[in-house]
Every structure is written in structure tokens, then in C-alpha cells.
*Asks:* 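Pasting a structure here, questions to come.
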Amino acid sequence: MKGFENKMEEYHFSNINSTQDYAKKLYLEGKNNFLVYADNQTAGRGRNGRLWKSPSGGLWFSFDMDLGDVKGLFTMAIGVATREVLEEIYKCKVQLKWPNDLILDRKKVAGILCEKFNYTVIVGIGINTNVEYVDEEKATTFFNKTKINVNNYEVMKKIIERCNEVINSRMDKVIDIFRENMAYKGEVCFVSALGKDVKVLDVSDNGCLIVEADNETKEVSAGEINVCI
Ligand code: BTN
């Protein structure tokens with residue numbers, strides 16, 4: 001485990017292009033055990049080069065972790081940890097869309113970007129917490145559902161602590177927890193790696209998505225579930 005989260009060097013910005021880019025810069029300068037968070041991002045990055053909208057009130061942060069020997073399941077572990085904390089705080093059902101999106105009422109409410117540099121992973125988490133409205137059909141916010149305003153700093157600290165706890169002590173449970181909270185199981189969805197609509201069945205023990213396509217069961221190791229119909 002890379003340090004304890006209470007010893008992390010913290011960098012707070014009211015405005016930044018991307019906490020992920022700043023975290024990467026810190027890593028390339030030789031720093032470790034850092035946490036970068038911002039009130040607003042002007043160029044937040046999502047997976048696959050997508051723009052990540054970061055409206056005011058949301059929680060946008062990046063930090064470094066050791067990859068250790070977790071390898072393939074690292075990103076799912078971060079999703080599992082983040083989901084748990086959010087469900088505890090908001091007391092409403094939060095699901096995981098493979099590989100690690102967080103879903104509230106069938107809409108995306110948070111996203112996770114894990115970028116690996118040798119044995120370090122820069123973990124970037126974006127959550128629509130105190131965001132009143134998002135201008136997107138497939139996204140939602142916790143405030144929108146619960147009318148609860150949270151302390152973003154406290155939520156962030158709890159998530160980092162939980163990520164460390166899951167990675168250090170509960171890796172053997174990650175797949176089971178993911179399965180219990182998996183969104184779109186049994187539904188027909190577009191899966192990017194296959195380029196077509198398939199039935200989502202499960203996740204395998206090594207974290208692949210299991211689908212039924214052309215009357216066969218297939219394992220998908222890359223890409224994501226895009227749209228469910
Ligand atoms: C995704 O679902 O595509 C991942 C979204 C990750 C967004 C977070 S917000 C904090 C950090 N800074 C960024 O520029 N991206 C990540």
C-alpha cells in the first residue's frame with residue numbers, strides 16, 4: 001500500500017483543466033502519495049478520450065495507488081469501493097456497469113478512469129454529487145434524486161480509504177460484490193468490443209464481461225457496455 005491516505009499530499013484547485021493531467025504531471029516529476037481535487041474542471045477527461053463534463057458542485061479528484069499484484073481487477077475494485085461509499089451515504093441503490101461506471105436509476109452518475117504508469121495507477125474519479133442538473137439524457141446526479149448536499153471533501157476521503165481497504169483486504173470478494181451489484185444483467189445491450197447488441201450475462205472470475213452473442217457465450221476483456229435497449 002502506498003502510504004496512508006491521511007498522509008497524502010493534497011492539491012486543491014477551484015479551477016483546473018483536469019485533476020488527472022495534474023496528477024500525471026506530479027507522477028512524472030517523481031512525486032507519490034498525492035491527491036488532486038478541484039471544484040471545476042475545464043477539460044475533464046473520460047475513458048476512450050471522451051470529454052468528461054464537470055459541472056460545479058460535483059466531486060472531481062485523482063490520486064495515485066500502487067498496482068501491487070492486483071492487476072486485472074484493479075479498476076473493478078475501485079468501482080466496488082466507490083459504489084459502497086456512495087450507497088452508504090445516499091442510502092439508495094447504486095449499481096456497477098462493467099467495467100466500472102456507477103449507475104443510479106439506469107443512468108450514469110459517476111465514472112472512473114484508471115491510468116497505469118509502470119507499477120503506479122493514477123485513479124481519477126468523477127461523481128455528480130451536489131450537481132443539480134446534467135444536460136445529458138444518459139446521466140444523472142445524486143442531488144437530483146435525493147436532494148441531499150454532501151461534503152465533497154469527506155466523501156472523497158471516505159472513497160480513498162475504502163479503495164485502500166478493498167485493494168488490501170477484500171480483493172477475493174471483488175468479483176462477487178460486483179456480480180451482486182451489476183447493472184443490466186440479463187438485458188440486451190450494445191457492447192463496444194463486439195460492435196453489436198448482445199445479452200449481458202455476468203462477469204467472469206478474472207473480470208471479463210460474459211455475454212451471449214450468436215447463440216454462443218463469449219468473454220469480452222476490453223471496451224464497455226454502451227447502451228441498453
Ligand atoms: C469515464 O467514465 O469515462 C471516466 C470519467 C473520469 C472523470 C474523472 S473526474 C476527475 C479525473 N479528472 C479527469 O480529467 N478525469 C477524471
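Counting starts at 1 for both ligands and their atoms, in listed order. We count residues from 1, following the sequence as given. Values below: every heavy atom of this structure, side chains too, minus hydrogens, waters and symmetry copies.
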*Asks:* Which residue in the set Asn17, Asn15, Thr19 passes side chain to side chain donor-acceptor pair (under 3.5 Å) when paired with Gln41?
*Replies:* Thr19
*Asks:* Could you tell me which atoms of ligand 1, counted from 1 in the order shown, lie closer than 4.0 angstrom to a heavy atom of Gly44?
*Replies:* 14 (O)
*Asks:* Regarding atom 4 (C) of ligand 1: of the candidates Leu59, Ile112, Ile127, Val36, which has the closest heavy atom?
*Replies:* Ile112
*Asks:* May I ask you to identify the nearest protein heavy atom to atom 11 (C) of ligand 1, giving residue, atom name and distance to one decimal place in Å?
*Replies:* Thr19 OG1, 3.2 Å
*Asks:* Should you measure from each heavy atom of Gly46, which atoms of ligand 1 turn up under 4.0 Å away?
*Replies:* 1 (C), 3 (O), 4 (C), 5 (C)
*Asks:* Answer side chain, backbone, both or neither: which part of Asn48 comes under 4.0 Å from ligand 1, heavy atoms only.
*Replies:* neither
*Asks:* Nearest 0.5 Å please: distance from the CD atom of Glu84 over to the CD1 atom of Ile177.
*Replies:* 5.0 Å
*Asks:* Do you know which two heavy atoms are closest between Gly186 and Lys199, and how far apart they sit?
*Replies:* O-CE, 3.5 Å
*Asks:* Taking the six-membered ring of Tyr27 (Phe, Tyr or Trp), confirm whether the NZ or CZ of Lys24 is under 6.0 Å from its centre and within 45° of its axis.
*Replies:* no
*Asks:* Would you call Arg47 and Asp101 a salt bridge, using N to O less than 4.0 angstrom?
*Replies:* yes
*Asks:* Closest non-hydrogen protein atom to atom 9 (S) of ligand 1, residue and atom name please, with distance?
*Replies:* Gln41 NE2, 3.4 Å
*Asks:* Considering only the protein, which heavy-atom contact is closest to atom 5 (C) of ligand 1, and what is its distance?
*Replies:* Trp52 CE3, 3.4 Å
*Asks:* Considering only non-hydrogen protein atoms, determine which one is nearest to atom 2 (O) of ligand 1 and report residue, atom name and distance to 0.1 Å.
*Replies:* Lys108 NZ, 2.6 Å
*Asks:* Which residue supplies the protein heavy atom nearest to atom 16 (C) of ligand 1, what is that atom called, and how far is it?
*Replies:* Arg45 O, 3.8 Å
*Asks:* Looking at every non-hydrogen atom in both residues, tell me the closest pair between Ile112 and Gly79 and how far apart they are.
*Replies:* CD1-CA, 3.5 Å
*Asks:* Show me which atoms of ligand 1 lie under 4.0 Å from any heavy atom of Gln20.
*Replies:* 11 (C), 12 (N), 13 (C), 14 (O)
*Asks:* Considering the heavy atoms of Asp101, write down every atom of ligand 1 situated less than 4.0 Å from one of them.
*Replies:* 2 (O)
*Asks:* Are any of the side-chain nitrogens in Glu180 or Lys173 under 4.0 Å away from the carboxylate oxygens of its partner?
*Replies:* no
*Asks:* Which of the numbered atoms in ligand 1 are below 4.0 angstrom from a heavy atom of Ser62?
*Replies:* 11 (C), 12 (N)
*Asks:* Any N or O of Arg47 that comes nearer than 3.5 Å to an N or O of ligand 1?
*Replies:* yes
*Asks:* Using 4.0 Å as the upper bound for N to carboxylate O, is an ion pair formed by Glu136 and Lys53?
*Replies:* yes
*Asks:* Provide the number and element of each atom of ligand 1 under 4.0 Å from a heavy atom of Ser18.
*Replies:* 12 (N), 13 (C), 14 (O)
*Asks:* What I want to find out is whether Glu29 reaches Lys25 closely enough, with some N-O distance under 4.0 Å, to be called a salt bridge.
*Replies:* yes
